[in-house]
There are 2 protein chains.
Amino acid sequence: MINGVVMTERTMDLRKVGLKVTHPRLQILRLLEKTERKKHLTADEIYRLLNEQGDEIGLATVYRVLSQFEQACLVRKHMFDDGSGRPMQACYELHEGDNHDHMVCLETGDVIEFVDEEINRRQTEIAARHGYDIVESSLILYVRPKKD
Amino acid sequence: MINGVVMTERTMDLRKVGLKVTHPRLQILRLLEKTERKKHLTADEIYRLLNEQGDEIGLATVYRVLSQFEQACLVRKHMFDDGSGRPMQACYELHEGDNHDHMVCLETGDVIEFVDEEINRRQTEIAARHGYDIVESSLILYVRPKKD
DNA sequence: ATTTATGCAAATAGTTTGCACACGT
DNA sequence: ACGTGTGCAAACTATTTGCATAAAT
C-alpha cells in the first residue's frame, strides 16, 4: 500500500531525484534517517535490520537502491579500513550536505564526524593550484585513544 | 641464487623488518621502487609485471607479501574509488615516510601526490581535541580538470 | 498499459587460505 | 636441519547481474 500514502518528506526526496516511490527505497531512507549521526551502516546491516523489522527486502535490492541513492547524492558511501584484516565493506550515511569528514577509532570502531573549514579551504586551493576542481573528497583519520 | 647476493639496500630493508630475503619479496620491492612516484600499482598489476619480466611469482604470494610489507610499514595501501563502477582494488606504493596525500583525476585516472603541513597540523589538533592520537590518515581528493 | 523495480539465484572478482613442496638461514 | 615462504587450486566474501514477476505511474 504505497499508493495513496501521505506525502512525507522522504517521498519528496525520492520524487525530487526522479526515483519511483517504492517500499524498499522508502524503508532504506527511513532507516538511514533513524540511524543518522549514530552509526554508518553497511549494506548487509541495512538488509538485516529491515528484515528484522518485518520488511522483506532482498540484499540485491539494498545494494541497487544504495547505489542509486549515491548517484542521486542522497547518501554518501565510505570505505573505512579499520585495519582489522577482515574484508572491507562499504558503509553508507544520509548525505546532509555538510560534507563532514570522519575519524575512525581503531580500538572501538567508533566513527566521529568533524568539519574543519580551514582544511576544506586548503584542499580547494591545492586542487586549484594543480588545475583541478574537487568533485568529492575523502578524509579519514584512523586514531587511537590518547594515552597520558 | 639469492644466497650470497650482494647486500643491496632492498635486502637491508627486508632484514630490518625481520623478513627473510626471498626472490618474490625482493622483486616486489624493486618493482615498487622503480615505479615509485609514477604510479600506484594493484596486486594484479604487480603480478602481471613481474611475470612479464620473467619472475614466476604466484598472485597469492603477491598478496601475502604486500600484506606483510604493509604491516612492516614498507608500503602504503590505498583504496581509490574512481567512481567508475568497476570493483575497487587496493593499490600500493613504497612508504617513503613523507606521509603525502593523494588527488585522483576522475577523467584520466592520474594520481597526484601532495603534502600540506597546515592540513596535517589541523588533523593532529582535531584528533587531540577529541582525545585521540592519529595512527594513520587517508586524504583523497577526487578531482576533474578545471574548465575555464 | 507501460515502464521500472524487486527477489532470487547464479555469476563476478578481488582477496585469502590449506597444503605439499622448496627455499633461506 | 629447521622454520618459513611459495605456488597452486580451492574457498570466501562483498557486490553485481539475468530473468521472470510484481509494483508504480
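A:His23 places its NE2 atom 14 Å from the C1' atom of D:dA24, with the value rounded to the nearest Å. Atom CG of B:Asp44 is separated from atom C1' of C:dA13 by 10 Å (rounded to the nearest Å). Put simply, CG on A:Leu26 is 10 Å from P on D:dT25, counting in whole angstrom units. Across the protein-nucleic acid pair, B:Asp55 atom CG and D:dG5 atom C1' stand 16 Å apart, rounded to whole Å. Counting to the nearest Å, the P atom of C:dG24 and the CD atom of B:Gln27 are 12 Å from each other. In this structure, CG of B:Leu14 is placed 15 Å from C1' of C:dC23, rounded to the nearest angstrom. Atom P of nucleotide C:dT4 and atom CZ of A:Arg15 are separated by 16 Å, given to the nearest angstrom. The CD-P distance, from A:Glu56 to C:dC8, rounds to 7 Å in whole Å.
The side chain of B:Ile57 lies closest to D:dG7 when the candidates are D:dT16, D:dG7, D:dT15. Checking D:dT25, C:dT16, D:dT16 against the side-chain heavy atoms of B:Tyr63 singles out C:dT16 as nearest. Proximity note for B:Ala60 (side chain, C-beta onward) versus C:dG24, D:dA9, D:dA24: the nearest is D:dA9. Comparing atom distances between the A:Lys20 side chain and each of C:dT4, D:dT16, C:dG14 picks out C:dT4 as nearest. The listed nucleotides are D:dT6, C:dA5, C:dT15; the one nearest the side chain of B:Val65 is D:dT6.
Between A:Arg76 and the choices A:Glu70, A:Glu113, A:Glu136, the salt bridge (Lys or Arg N to Asp or Glu O under 4.0 Å) rule is met once, by A:Glu136. Screening B:Arg122, B:Arg121, B:Arg129 for a salt bridge (Lys or Arg N to Asp or Glu O under 4.0 Å) involving B:Glu125 leaves a single residue, B:Arg129.
Residues that satisfy the ring pair (Phe, Tyr, Trp, His ring centres under 6.0 Å) test with A:Phe80, not counting sequence neighbours, are A:His40, A:His78, A:His102.
In this structure, B:Gln27 and B:Leu31 have side chains that are not in contact, with every pair of non-hydrogen atoms separated by 4.5 Å or more. Taking the side chain as every heavy atom from C-beta outward, A:Tyr132 and B:Lys146 never approach each other to under 4.5 Å.
In this model, the phosphate group of D:dA23 is not approached by any side-chain N or O of A:Thr22 to a distance below 4.0 Å at OP1 or OP2. Proximity of B:Arg64 to the phosphate of C:dT16: no side-chain N or O atom is located under 4.0 Å from OP1 or OP2.
Mapped onto DNA chain D by nearest heavy atom, B:Leu19 and A:Pro87 fall at different nucleotides, with B:Leu19 at the one closer to the 5' end. Mapping A:Gln68 and B:Ala90 onto DNA chain C by nearest heavy atom places A:Gln68 at the nucleotide closer to the 5' end. Mapping B:Ala43 and A:Gly18 onto DNA chain C via the closest heavy atom, the residue that lands nearer the 5' end is A:Gly18.
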